[in-house]
Amino acid sequence: MTENNKELEVLKMYLEEIKMVSPVQEGEKEKLLKEYQEGKKEVRNRLMELYLMDTLQIASAYKGQGIGLSDLIQEANMGLLYALEDGEIEDIQIKSRIKQAVEDALFMEGKEGAVGEQIAKEINRLDEASKILTERNGEAPSIEELTKYLGIPEQELREYMKISLDAVNVGVQK
């Protein structure tokens, strides 16, 4: 099943879930928000149901930005849950919190990707330094030689070596 088919399948299931929710009555959302603010926690589930379409619409607006739609929907639903747990009781606050949860997830995804790219660059640099020093000295370089050549602390070098070795071991196990 392709990624697009999986996303469509998730979207269909989510829409089916939304269809099972009884339609919102006029003024119901505002009434429930007020009751929730007054401490009636039993209305929380109904409030969550009423915001399912909002979470879908907000999540869908960020589709194609590095996170699959199903994960975006999950993040949006978590934002809704946190908004209610934190006592946010205005419609605009809740929708803003849903949007913020999705944007935070996208930010973290981008940040993790950038860190991975930086580590890959450092590992490539380590590999190149190792080749150069091996050619120059006629033998594999020591840790001390590599740290001096690369200008990085020994602990950092060891971390890159471990990551590199882990990647090689994963390739060998396939």
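Numbering of residues begins at 1 and proceeds along the displayed sequence.
Taken from CD1 in I123 to NZ in K162, the straight-line distance is 11.0 Å, to the nearest 0.5 Å. With values rounded to the nearest 0.5 angstrom, L47 atom CG is found 8.0 Å from L80 atom CG. Taking CG of L32 as the start and CD of E49 as the end, the distance is 10.0 Å to the nearest 0.5 Å. Once rounded to the nearest 0.5 Å, the distance linking CG of L157 with OH of Y149 reads 13.5 Å. Put simply, CD on Q57 and OH on Y51 are 12.5 Å apart, with the number rounded to the nearest 0.5 Å.
Closest approach of K29 to V24, counting heavy atoms only: N-CG2, 4.3 Å. What you find for V43 and E35 is that their closest heavy atoms are CG1-OE1, 3.3 Å.
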What side-chain donor-acceptor pairs closer than 3.5 Å can you find for residues 92-107, not counting sequence neighbours?
from: Q93; atom 1: OE1; to: I89; atom 2: N; distance (Å): 3.4
from: Q93; atom 1: OE1; to: E90; atom 2: N; distance (Å): 3.2
from: K95; atom 1: NZ; to: D91; atom 2: OD2; distance (Å): 3.1
from: R97; atom 1: NH1; to: D86; atom 2: OD2; distance (Å): 2.9
from: R97; atom 1: NH1; to: E88; atom 2: OE2; distance (Å): 2.8
from: R97; atom 1: NH2; to: D86; atom 2: OD2; distance (Å): 2.6
from: Q100; atom 1: NE2; to: D104; atom 2: OD1; distance (Å): 2.7
from: E103; atom 1: OE2; to: Y62; atom 2: OH; distance (Å): 2.4

List the atom pairs, donor and acceptor, that lie under 3.5 Å between side-chain atoms in residues 124-132 and the rest of the protein, sequence neighbours left out.
from: N124; atom 1: ND2; to: A120; atom 2: O; distance (Å): 3.4
from: R125; atom 1: NH1; to: E122; atom 2: OE1; distance (Å): 2.8
from: R125; atom 1: NH2; to: L150; atom 2: O; distance (Å): 2.6
from: D127; atom 1: OD2; to: K131; atom 2: NZ; distance (Å): 3.4

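In terms of hydrophobic clustering, with Ile, Leu, Val, Met, Phe, Trp and Tyr side chains grouped at heavy-atom distances under 4.5 Å, Y14 and M78 are assigned to different clusters. Both I73 and I18 are members of a single hydrophobic cluster when ILVMFWY side chains are connected at heavy-atom separations under 4.5 Å. Taking hydrophobic clusters as Ile, Leu, Val, Met, Phe, Trp and Tyr residues chained together by side-chain heavy-atom distances below 4.5 Å, L84 shares a cluster with L50. Residues L15 and V21 share a hydrophobic cluster, clusters being chains of Ile/Leu/Val/Met/Phe/Trp/Tyr side chains in contact below 4.5 Å.
In this structure, the side chains of E154 and L146 stay at 4.5 Å or more apart for every pair of heavy atoms. For the pair L56 and L52, the minimum side-chain heavy-atom distance is 4.5 Å or more. Using a 4.5 Å cut-off on side-chain heavy atoms (C-beta onward), N137 and E145 make contact. Counting heavy atoms from C-beta on, the side chains of Q25 and K31 never come closer than 4.5 Å. You'll find the side chain of R44 reaches within 4.5 Å of the side chain of E85, heavy atoms only. At a threshold of 4.5 Å between non-hydrogen side-chain atoms, the residues I67 and E75 do not count as touching. You'll find the side chain of S60 reaches within 4.5 Å of the side chain of L69, heavy atoms only. Taking 4.5 Å as the limit, every side-chain heavy atom of S70 sits out of range of all side-chain heavy atoms of E9.
Taking a 6.0 Å sphere around NZ of K12, one finds it holds 12 or fewer heavy atoms contributed by other residues, nucleotides or ligands.
With sequence neighbours left out, E30 forms a side-chain hydrogen bond (donor to acceptor under 3.5 Å, both in side chains) with no residue at all. Applying the side-chain hydrogen bond (donor to acceptor under 3.5 Å, both in side chains) rule to K148 yields no partners; only residues at least two apart in sequence or on another chain are considered. Residues passing the salt bridge (Lys or Arg N to Asp or Glu O under 4.0 Å) test with E38, sequence neighbours excluded: K34. Among residues two or more places apart in sequence or in another chain, the salt bridge (Lys or Arg N to Asp or Glu O under 4.0 Å) test is passed with R136 by none.
A salt bridge between E16 and K19 is present, with a side-chain N of the basic residue lying under 4.0 Å from a carboxylate O of the acidic one.
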